[in-house]
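Some notes on the structure that comes next.
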Amino acid sequence: MKNLFGMGAGEITAELLQWNLPGYRGKQIAEWMYQKGAMSFAEMTNLPEKLRGALSKEYEILRADCRDSQFSADGKTAKFLLGFSDGTAVETVLMRQSYGNSICVSTQAGCNMGCVFCASTLHGMARNLLAGEILAQAIHIQEMLRREAAGQKVDTMVIMGSGEPLMNYENVVRFLRLCHADDVMGMGYRNMTISTSGIVPNIYRLMEEGIPVSLSISLHAPDDALRSRLMPINRKYPLADVIKAGTAYGEKTGRRVTYEYILIDHVNDGEEQAEELVALLRGKLASVNLIPINPVVERNLNRPSKQRVEWFEKYLFAHHIPVTLRREMGADIQAACGQLRNKNMT
Ligand code: SAH
């Protein structure tokens, strides 16, 4: 059996070419799978009965099944452990924000970047997800929202769950194009943000795809020595090259690049780092998103005091670096990367 979930309308039409079907059948099947929640071909009532029977014999529709879920006390954040047919499971988060429903999807099961502050990488990487498996996460939440209220949908998306998206490049770009397609989710590229630890060659590649998604770069340190200690990938793609790629991406797409900066107590939250960070980003089309670290029990890294976080934010602001402090959601349900999956692995 071949899986159709994850193919766009055009690909379905091409797949069924030898069946001599009219071109609009691909679009109809896509709409059933992605917009009407069809689990089987039998439900696709605008297809001829004979075709539905024939499709069921050769094709299947593989979605994600929900293995576990957690809901924050305020009801705004929900986290799901979604599983695929081979038993692999990943985390997907829904955040109900004032500006709409935002989701966070995973691109790999686990991660092998080895960042010292991150729970996703603790057990290494199991495998890359297919485009259809990343899409299945988004569709799972979209369908849940639609069941709650007509017209409710996923409004924005961040590719910031487990995994390094630019190490699973083809599947991630295929997924972004699928989300954008009218017969899939019809989401604007500007409502999608991809977050990377700084895979330099693939930042340049992404810039040439003609898909103006927003880019976030995980910086976390303003010098190579500290960044290499926190993020081993810095030894391969050092800071200067990462910033250069980010700047090029911003210039080419006209989109302001966001640099994520986790604040870790007595590690990267000092005056020296604040000064270096300002020097690094001065004059660039860039902003900094400060994230007080979500402590991971397996690691001995702590969150700085509130005063320290405020001091760091004010310092950047005073030195004309656009800065935002990430609003925390879902700390009570361990919404930091990888924590729900780890709980289910042990
Ligand atoms: N691999 C990509 C995307 C996944 S991580 C990347 O590195 O950007 C998404 C974001 O969550 C990154 O900025 C990452 O550094 C951050 N993150 C990881 N662990 C965290 C923690 N314990 N507390 C706060 N943010 C964390």
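Just follow the structure's listing: the first ligand is 1, and inside any ligand the first atom is 1.
Put simply, no part of Met113 is less than 4.0 Å from ligand 1, judged by heavy atoms. A heavy-atom separation below 4.0 Å is not found between Ala119 and ligand 1.
Residue Asn294 touches ligand 1 through backbone and side chain together, judged by heavy-atom distances below 4.0 Å.
For ligand 1, the atoms closer than 4.0 angstrom to any heavy atom of Ser218 are 6 (C), 7 (O), 8 (O), 12 (C), 13 (O), 15 (O). Within ligand 1, the atoms closer than 4.0 Å to a non-hydrogen atom of Thr196 are 6 (C), 7 (O), 8 (O), numbered from 1 in the order shown. For ligand 1 and Gly161, the ligand atoms under 4.0 Å from any heavy atom of the residue are 4 (C). Atoms of ligand 1 lying under 4.0 Å from at least one heavy atom of Ser197, given by number and element, are 6 (C), 7 (O), 8 (O). Taking every heavy atom of His220 and a limit of under 4.0 angstrom, the matching atoms of ligand 1 come to 13 (O), 14 (C), 15 (O). Listed by number with element, the atoms of ligand 1 under 4.0 Å from a non-hydrogen atom of Glu260 are 10 (C), 12 (C), 13 (O). When each atom of ligand 1 is checked for a heavy atom of Phe117 under 4.0 Å away, the hits are 15 (O), 18 (C), 19 (N), 20 (C), 21 (C), 22 (N). Using a 4.0 Å cut-off to heavy atoms of Cys118, the atoms of ligand 1 that qualify are 18 (C), 19 (N).
Using a 4.0 Å cut-off between charged side-chain N and carboxylate O, Arg63 and Asp65 make no salt bridge.
Polar contact check, Ile293 against ligand 1: no nitrogen or oxygen pair lies under 3.5 Å apart. Backbone and side-chain nitrogen or oxygen atoms of Gly163 are examined, and one is located within less than 3.5 angstrom of a nitrogen or oxygen of ligand 1.
Distance check: Leu215 CG to Ser195 OG gives 8.0 Å after rounding to the nearest 0.5 Å.
Between Asn294 and Arg303 there is a side-chain heavy-atom pair separated by less than 4.5 Å.
Applying the ring-ring contact (aromatic ring centres under 6.0 Å, His included) definition to pairs two or more places apart or across chains, those involving residues 21-58 are Phe5-Tyr34.
Using bins of under 30°, 30° to 60° and over 60° for the plane-to-plane angle, the ring pair Tyr59/Trp19 lands in the tilted bin.
Side-chain atoms of Asp155 come within 3.5 Å of backbone atoms of Asn101 as a donor-acceptor pair (strictly under, hydrogens ignored). In terms of modelled atom types and a separation under 3.5 Å, the side chain of Thr121 and the main chain of Cys111 share a donor-acceptor contact.
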